[in-house]
Amino acid sequence: MTNVIKYPKEKQLNIGIVIFGIIFVYLLATIIMYLTAPKITVYEVRQGSILKDNAYTGLALREESVVYADSPGYINFYAEDNSKVKVGTKIYTLSSQKLDFEMDAVDETEEILSNEEKYALLLKIQSYNNQFQECDFSSTYQLKNEIQGSLNKITSQSKTDQINSLISSGTYSDLTIKTAAKDGVLVCLTDGMEDLSVETISREHLKKTNYKKNELSSNQKISAGEPIYKLVTNDKWNLLIEVSKETQTALKDKKTVKVNFKKDNQEMRATLTFLEQFDKPVLCLSFDNSMIRYVNERYLDVELILEDESGLKIPKSAEVSKDFYVVPKSYLTVGGNSNKDGVMRKQINSKGENITEFINVTVYYEEDEYIYLDPNVFEKGDVLLKPESMETYELKDTRTLKGVYCINKGYAVFKQIQILCESDEYYIIEEGNSFGLSNYDHIALDSSNIKENDVVF
């Protein structure tokens, strides 16, 4: 009988298990690093704008001359309201009784409009329909005023023709014609504030409370000495606004400001001064055009546009400050085994000999005659050698730049920013700077937990 002796098998290293274990440990370490590493939120840089404005109601002052009736009677206007008139222009007629216009019985606009006038109104309405936006409902009132103005002009012309006919026929023997005594813009309303000036106003005048105006119309009976109309005799006018001290501070060093008129959403630039006769800031905005556009308004709702900048919009949380060595541009050269920019640094080797080495550098910003170099590449006190010269420059002066960390390449790179204006949460920065950001760049939303060259997962 043969005895079979079993020997224990020799344990052999399984290379597959070893490789799997290494990969497992690597993956586990990567996951742990990912979970414990600070999370970098990416923000895509886009073009944007910031508009800072303040809404106010201002008092309009113009050169106004009121014309009063020298006798009682019924007035009928020859000239159109808000039209420019010259000396001797027929303004209105005065008669002891109402004038009988045939057109008073005509209510249908269809009968007094020509085909050309109908077509012009249709074009206005079509243009309004094409451009209408719900957020700009004020344009509806603008359209209404334009159509009403067109109809009034047609009606006024028809009445003027009939007045001429009545004068020629001699139907009204006591009808007299009154003409303009000076050039100006005709306004068929008065409010008792025509004599106010920048020097004579009080704080009460700046408030619209209890404001009333007297609008005059044709065939209206007036008494002797009663105001009939006024002429505005200068295109220059002022708008007086009581503002906050914060607004006064914001405008302190400015000579002009952009103004948006809420009535028609038009913008104009005004020269500004502050009146000294009040204990609170009162701003005087001076205009030299567009008087006729708002000639019927004594109080105007406006917005002062303190800042209106466009550029690249970034969150404030992305901002970071960094110090850089400031070096004259003349020390920048090209060397080494490439065409990259760099500087020549003087050093002493182990034998005590002076040597020069080329250091590749990145220029982060330049201004005037200086460039900004990363301090992490050098030591304070390093000496640079000027190319083709024996002049040297010791690294000691630093300046601070504001910037953000750009992460387009998967790691953090400092990019300088030039801030144009700001809001509570965002900056508008200069676009087109070769050392700064471009549209669609990706930056770190929060720069507090990131350093330059950090890898972004």
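Since the model is a prediction, treat every value here as computed from it, not as a measurement.
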Legend entry - Pairs where residues 429-452 contributes a residue and the test salt bridge (charged side-chain N to carboxylate O under 4.0 Å, His left out) is met, not counting sequence neighbours: Lys322-Glu452

Legend entry - Straight-line distance of Leu437 CG to Ile429 CD1, nearest 0.5 Å: 4.5 Å

Legend entry - Short side-chain to backbone donor-acceptor contact, Glu319 and Ser317, under 3.5 Å: no

Inset, instruction - Specify whether Tyr43 and Tyr426 have parallel, tilted or perpendicular ring planes, treating 30° as the upper limit for parallel and 60° as the lower limit for perpendicular. - result: tilted

Legend entry - Lys329 atom NZ, neighbour heavy-atom count above 12 within 6.0 Å: yes

Inset, instruction - Sequence neighbours left out, what passes salt bridge (Lys or Arg N to Asp or Glu O under 4.0 Å) with Glu215? Give chain and number order. - result: none

Inset, instruction - Report the residues that fulfil salt bridge (Lys or Arg N to Asp or Glu O under 4.0 Å) with Glu63, sequence neighbours left out, ordered by chain and then residue number. - result: none

Inset, instruction - Using the test salt bridge (Lys or Arg N to Asp or Glu O under 4.0 Å), find all partners of Lys182 that sit at least two apart in sequence or belong to another chain. - result: none

Inset, instruction - Measure from the side-chain N and O atoms of Ser389 to the backbone N and O of Glu391, and report whether any donor-acceptor pair falls under 3.5 Å. - result: yes

Legend entry - Sequence-distant partners of Lys207, salt bridge (Lys or Arg N to Asp or Glu O under 4.0 Å), two or more places apart: Glu204

Inset, instruction - For the residue pair Tyr229 and Phe77, categorise the inter-ring angle as parallel (less than 30°), tilted (30 to 60°) or perpendicular (more than 60°). - result: perpendicular

Inset, instruction - With sequence neighbours excluded, give me every ring pair (Phe, Tyr, Trp, His ring centres under 6.0 Å) pair touching residues 232-274. - result: Trp237-Phe287, Phe261-Phe287, Phe261-Tyr294

Inset, instruction - Please list all pairs passing the side-chain hydrogen bond (donor to acceptor under 3.5 Å, both in side chains) test where one or both residues lie in residues 377-386, with sequence neighbours left out. - result: Arg345-Asp382

Atom pairs and distances, side-chain donor-acceptor, residues 301-310, under 3.5 Å, sequence neighbours left out:
| unit_1 | atom_1 | unit_2 | atom_2 | d |
| --- | --- | --- | --- | --- |
| Asp301 | OD1 | Thr57 | OG1 | 2.7 |
| Glu307 | OE1 | Lys52 | NZ | 3.4 |

Legend entry - From CD1 (Ile31) to CG (Leu27), nearest 0.5 Å: 6.0 Å

Legend entry - Arg46 and Asn439, any side-chain heavy atoms less than 4.5 Å apart: yes

Inset, instruction - Drop me the distance from Thr89's OG1 to Lys84's NZ, to the nearest 0.5 angstrom. - result: 13.0 Å

Legend entry - Residue pair Leu285, Leu283: steps toward the side chain to side chain contact (heavy atoms under 4.5 Å, CB included) verdict: CA-CA 6 Å; Leu285 300 173; Leu283 176 64; 3.6 Å; yes

Legend entry - Whether over 12 other heavy atoms sit under 6.0 Å from Phe378 CZ: yes

Inset, instruction - Indicate yes or no: does Lys230 engage Glu64 in a salt bridge with an N to O separation below 4.0 Å. - result: yes

Legend entry - Close aromatic pair by centroid cut-off 6.0 Å: Tyr364 and Phe435: no

Legend entry - Under 3.5 Å side-chain donor-acceptor pair for Asp191 and Asn214: no

Legend entry - Minimum side-chain heavy-atom gap Ile419-Ile428 below 4.5 Å: no

Legend entry - Contact check, side chains of Val257 and Leu251, non-hydrogen atoms, under 4.5 Å: yes

Distance-only donor-acceptor hits, side chain of residues 239-247, under 3.5 Å, sequence neighbours excluded:
| unit_1 | atom_1 | unit_2 | atom_2 | d |
| --- | --- | --- | --- | --- |
| Glu242 | OE1 | Arg203 | NH1 | 2.7 |
| Glu242 | OE2 | Arg203 | NH1 | 3.1 |
| Ser244 | OG | Thr247 | N | 3.2 |
| Ser244 | OG | Thr247 | OG1 | 3.0 |
| Thr247 | OG1 | Asn54 | ND2 | 3.4 |
| Thr247 | OG1 | Tyr56 | OH | 2.8 |

Legend entry - Atom CZ of Phe278 with >12 non-hydrogen neighbours under 6.0 angstrom: yes

Inset, instruction - Mind checking the OG1-CD1 spacing from Thr30 to Ile23? Nearest 0.5 Å is all I need. - result: 11.5 Å

Inset, instruction - Check the pair Thr179, Ile91 against side chain to side chain contact (heavy atoms under 4.5 Å, CB included), reporting the backbone distance first and the verdict last. - result: CA-CA 5 Å; Thr179 59; Ile91 300 297; 5.6 Å; no

Legend entry - Side-chain donor or acceptor of Asp323 paired with backbone N/O of Thr398 under 3.5 Å: no

Legend entry - Within residues 283-292 or reaching into it, pairs that qualify as side-chain hydrogen bond (donor to acceptor under 3.5 Å, both in side chains) - sequence neighbours excluded: Asn238-Ser286

Inset, instruction - Output, in order, the C-alpha distance, side-chain angles, deciding distance and verdict of side chain to side chain contact (heavy atoms under 4.5 Å, CB included) for Val361 and Leu332. - result: CA-CA 9 Å; Val361 297; Leu332 190 65; 4.0 Å; yes

Inset, instruction - Count the heavy atoms belonging to other residues, nucleotides or ligands that lie under 6.0 Å from CD of Glu388, then report whether that count exceeds 12. - result: no

Inset, instruction - Classify the side-chain pair Tyr365/Gln418 by whether it contains a donor and acceptor separated by less than 3.5 Å. - result: yes

Inset, instruction - Show your working on side chain to side chain contact (heavy atoms under 4.5 Å, CB included) between Thr392 and Lys346 and close with a plain yes or no. - result: CA-CA 9 Å; Thr392 59; Lys346 292 183 64 176; 3.9 Å; yes

Inset, instruction - State whether the number of non-hydrogen atoms from other residues, nucleotides or ligands found under 6.0 Å of Lys254 atom NZ is greater than 12. - result: yes

Inset, instruction - Please report the closest heavy-atom contact between Arg293 and Asp264, naming both atoms and the distance. - result: CD-OD2, 3.0 Å

Inset, instruction - State, to 0.1 Å, how close Val232 and Arg62 come at their nearest heavy-atom pair, and which atoms those are. - result: CG1-CB, 3.9 Å

Inset, instruction - Please round to the nearest 0.5 Å and tell me the distance separating atom CG of Leu384 and atom OG1 of Thr356. - result: 10.5 Å

Legend entry - Any residue meeting side chain to side chain donor-acceptor pair (under 3.5 Å) with Thr209, in chain and number order, not counting sequence neighbours: none

Inset, instruction - Assess whether atom CG of Asn210 is packed by more than 12 heavy atoms of other residues, nucleotides or ligands within 6.0 Å. - result: no

Legend entry - Donor-acceptor contact present, side-chain Thr200 to main-chain Leu196, <3.5 Å: no

Legend entry - Polar side-chain atom of Arg399 near backbone of Val326 as donor-acceptor pair, under 3.5 Å: no

Legend entry - Lys213 NZ: over 12 foreign heavy atoms closer than 6.0 Å: yes

Legend entry - Partner residues of Tyr331 under the ring-ring contact (aromatic ring centres under 6.0 Å, His included) criterion, sequence neighbours left out: Tyr393

Inset, instruction - Work out which heavy atom in Lys402 is nearest to a heavy atom in Ser321; give both atom names and the distance. - result: CG-OG, 4.1 Å

Inset, instruction - Specify the closest pair of heavy atoms between Thr233 and Asp183, including all atoms of both residues, with the distance to one decimal. - result: CG2-O, 3.4 Å

Legend entry - CD on Gln47 to OH on Tyr440, rounded to 0.5 Å: 7.0 Å

Inset, instruction - Identify the two heavy atoms, one from Val198 and one from Cys284, that lie closest to each other, and give their separation to 0.1 Å. - result: CG2-SG, 4.4 Å

Legend entry - Smallest separation among heavy atoms of Val66 and Pro227, with atom names: CG1-CB, 3.8 Å

Legend entry - Check: Leu300 main-chain N/O paired with Lys208 side-chain donor or acceptor under 3.5 Å: no

